[in-house]
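Every heavy atom of this structure was used, including side-chain atoms; hydrogens, water molecules and symmetry mates were not. Throughout, protein chains are lettered first and strands after them, A, B, ... in sequence-line order, and every chain is numbered starting at 1.
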Amino acid sequence: MEFEQTRRIFEKARERFGEDVSLSDRPNGEGSIVVEPSLIRDFTRWVRDEAEGSFDFFGEVCATDFLGRSPRFDLTYTVYSTTANRHLHYKTRVDDPDPQVDSVVDIFPGAGWHEREIFDMFGVRFHGHPDLRRILMPEHWRGHPLRKDYPLGGEEVQFSSNFADITPQTLPPAPGEDIFLGWDVLETQPSSYTQLLESGAELEHDGEGRMVINMGPQHPSTHGVLRLLLELDGENVVKAVPDIGFLHTGIEKTGESLNYQQALTLTDRMDYLSPMGNNLAFSLSVERLIGLEPPERATILRVIFAELTRIQSHLVWLGTHALDLGAMSAFFYCFRERDQILDMFEMVSGVRMMTSYICPGGLREDVTDDFVPALERFLKVFPDRLGEYETLLTRNPIWLERTQGVGKISAEDAVAYGVSGASLRGSGVRWDVRKAEPYCGYDTYDFEVPVGTNGDVYDRYLCRIEEMRQSHRIIRQALSRLQPGPVQAEERKVVPPPKSEIGQSMESLIHHFLITTIGFVAPPGEGHVPTETGRGLLSFYIVGDGSPKPYRMRARTPSFANLQALPRMLEGCLVADAVATIGSIDIVLGEIDR
Amino acid sequence: MANSHDVVPGVVFSTVDKVARWAQSSSLWPFAFGLACCAIEMMSTVAGRFDIARFGAEVFRASPRQADLMIVAGRVSMKMGPVIKRLYDQMPDPKWVIAMGACSSCGGVFNNYAIIQGVDKVIPVDVYVPGCPPNPDALLYAVTRLQEKIRSGEARPGHKILEPAQEVITVESGRTS
């Protein structure tokens, strides 16, 4: 959003709240409003109901630990408007010790998990939060990993040519007993693992023959390691409580210990079904931070790859979703086309899945000569193949029976919970970041945003099928625009110079050396660009501090918010419908747990 | 196998042990259990192009009680460690483990507080597959290597935890080291 718009909103806020709000020019070029902690609830309500544009969609709240500064923590709230197509950042600052602020969960239900995550990772307490527990780390964990004074942990890598010298290490060398409790904890942990189940946690037992069952983390249809506690009345789900964190990888913490190019490789492994989408979101945010524009050919190729990624991600979704509901053939059909796309990824980047191909400044390198013919072959066959999937499912009576009217969520609820992507559009909200806040020139492409009406599993299915068709359309248009040219920005301090230049120029050699050894330096500031991946709104929030490493690397991932709405969708469903519903919101645990 | 000339043709003598090992290796039942990125490549291995059924290991079972091969496909977090241990304990003997990918073999790129640096700290591993994620062909190669180990009697179920790595395969060259 433009700085001018932020300032207009700020001036209104000044009239309403007086001196307690101020304006800061970060994030780069957008500006954000700084609010006193005591005002956060009033301000949030004002932003939702009265501010120009009425920001109805809760994007995220993200904490940053400025160790040594007082106040120590920044909490950055990002809200979006699904009607006025813009977003707004506002901040509040809280200080050590015992940082605390009021919860906004009753204003935006979608804030619930984000606040729990901050409580878990930073130890900031939110007053009035109904369920302030750890969310990603195990219950017994001590310390708050994303604080800057918490060590990265892990194991020292032992280099020796003699195997006998290498001592088997037990667990991460504990940097103080307080932080890691040692291996014994895990050995005895099965009790604490089932504790939640046994105590019933917040599930209420009324002694009327209700049963609590545990679904996951090992369950074939939870699409990874999601754990659900289901309270059942017969076959009906009375209440569902998701338990996540079984794949918590510390991507944000590790990213903050690496330089920008290295941190890029971690984004692949976050949402492993749309690696290029993650690369793109990360690169756009870093480029915003350092003020860099990639050349046109790179932008067009980025669009092509982002859409190919969307298609292959939807193909995995369709295959596994259908498999969950008993349609085996769709799985084989979808993986056939997916392999065709992965071949193209391998062609350009050398790997099938973890490409790291889109990088700050453009692309890693230009596409190979056989890429365009391969893409054309794919574009030629794909519409027919899409027809095949539809023949299998769209009017299949069993499929209709299993999906129609199941896992419903209303448009208002979906927006309030921050659900995005096809899961939101299935409920009839026409909000797609590619249209609302275009990036990579999406506003110049001609495509439709499909929406559903009922908000059930079937409508989400139809939306995604149509999205694949639209992606195909976008790729066709992009391909026709593709002209020869450079694929990396001419910014020698960020993008390594080509090999041919290194042999000629001393300066290029120095740049190359610095970029490969230290990395490029990003100025102090913040970069944030919302993007639309196959699952919904993905944005990276990067805080630079003038060093080659991101001071804060935060990912607002779509599945995290989408999963939060799952209990709402499951209310009154049957157990078998839970399987259909989980499949339909297309979660990837890698990006939920990060 | 011993083949004697004294008996009718078509009869093969062997030991019960060998026959059992041959049977076990020829119909591995993997545990349908994916953790992260590698699980997607594991699914590709099942799908049409790579088709793990050619090696008799296509019967993915969703219950540990019915499986004898655990493919640890993905990174193992601190929270997941005890769960994996329990799942392994629930599998009936004989059972084998393939650590698929860099993360489950040694923590991969995630050398941090959250990830257990190698699943062999929790359960014993028979074959490690490098790659991030390994190609489906690498996983197939690991399956065939495991089959060879089972047939030769080298892979014995239930070896102790924290033994040094049994074997590391390098897929590029196909050599073992």
Side-chain angles (χ1 to χ4, degrees), chain A residues 136-138 141 145 150-155 157 163 166 168-172 179-180 183 186-187 189-190 192-193 217-221 223-225 245-251 253-254 257 265-266 268-269 272-273 316 319-320 331-332 334-336 338-339 342 351-354 589-590 593, chain B residues 31-41 43-51 60-64 74-87 89-90 102-103 106-118 120-122 131-136 161-165:
Chain A
L136 295 178
M137 302 308 293
W141 201 264
Y150 189 97
L152 178 62
E155 266 178 23
V157 182
F163 192 76
I166 298 177
Q169 292 170 329
T170 44
L171 261 173
I179 285 160
F180 188 73
W183 196 225
L186 290 190
E187 301 226 311
Q189 229 235 318
S192 90
Y193 160 63
Q218 185 276 315
H219 189 282
S221 61
H223 292 240
V225 285
F246 289 97
L247 197 58
H248 177 61
T249 315
I251 285 182
K253 184 93 176 170
T254 303
S257 75
T265 62
L266 301 181
D268 286 314
R269 288 148 181 89
Y272 36 79
L273 288 183
V316 176
T320 52
F331 171 77
F332 292 106
C334 292
F335 270 67
R336 178 185 59 190
R338 179 172 183 267
D339 269 329
L342 292 194
V351 241
R352 280 159 57 88
M353 279 173 73
M354 304 302 156
L589 268 294
D593 296 343
Chain B
F31 183 20
F33 169 53
L35 287 168
C37 335
C38 290
I40 309 296
E41 284 297 63
M43 276 154 55
S44 295
T45 318
V46 182
R49 188 197 279 189
F50 298 97
D51 194 9
F60 274 77
R61 293 283 112 174
S63 162
R75 47 213 186 224
V76 185
S77 71
M78 292 290 177
K79 199 168 175 179
M80 197 66 198
V83 184
I84 290 208
K85 177 84 171 73
R86 178 177 269 203
L87 289 171
D89 291 344
Q90 284 175 339
C103 296
C106 66
V109 288
F110 302 109
N111 193 1
N112 61 22
Y113 65 94
I115 293 295
I116 295 175
Q117 302 295 303
D120 50 6
K121 304 224 159 92
V122 192
C132 190
N135 277 5
I161 297 181
L162 278 182
E163 268 181 0

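If you measure heavy-atom distances from A:Leu136 to chain B, the contacts under 4.5 Å come from the backbone alone. For chain B, no part of A:Thr265 is nearby; none of its heavy atoms comes within less than 4.5 Å. For B:Leu87, the part lying near chain A is the side chain, with the backbone staying farther off; criterion is any non-hydrogen pair under 4.5 Å. Both the backbone and the side chain of A:Leu152 come within contact range of chain B, each with at least one heavy atom under 4.5 Å from a heavy atom of that chain. Only the side chain of B:Phe31 comes within less than 4.5 Å of a heavy atom in chain A; its backbone stays farther off. Contact of B:Ala36 with chain A is made through backbone and side chain together, with heavy-atom distances under 4.5 Å.
Note on B:Cys37, B:Ala47, B:Gly34: by heavy-atom pairs under 4.5 Å with chain A, the leading option is B:Cys37. Interface check for chain B: of the options A:Arg338, A:Arg336, A:His248, the most heavy-atom pairs under 4.5 Å are formed by A:His248. Contact count versus chain B (heavy atoms, under 4.5 Å) is highest, among A:Lys253, A:Met354, A:Arg269, for A:Arg269. Among the candidates B:Ala114, B:Cys103, B:Pro136, the residue making the largest number of heavy-atom pairs closer than 4.5 Å to chain A is B:Ala114. For chain B, the option among A:His219, A:Met353, A:Met137 with the highest count of heavy-atom pairs below 4.5 Å is A:Met353.
Between B:Leu35 and B:Ile84 there is a side-chain heavy-atom pair separated by less than 4.5 Å. Inter-residue side-chain proximity for A:Pro217 and B:Lys79 is flagged as unmet; no heavy-atom pair is nearer than 4.5 Å. Between B:Val76 and B:Lys121, every side-chain heavy-atom pair lies at or beyond the 4.5 Å cut-off.
Ring pair B:Tyr113/A:Tyr150 is perpendicular by interplanar angle, where above 60° counts as perpendicular and below 30° as parallel.
Looking at A:Thr254, its side chain never comes within 3.5 Å of a backbone N or O of A:Ile251 through a donor-acceptor pair. Of the possible polar contacts, one joining the A:Gln218 side chain to the B:Ala62 backbone as a donor-acceptor pair under 3.5 Å is found. A donor-acceptor distance shorter than 3.5 angstrom exists from the side chain of B:Ser77 to the backbone of A:Phe246, with no hydrogens or angles considered.
In terms of heavy atoms, B:Pro133 sits closest to B:Cys38 at CB-SG, 3.8 Å.
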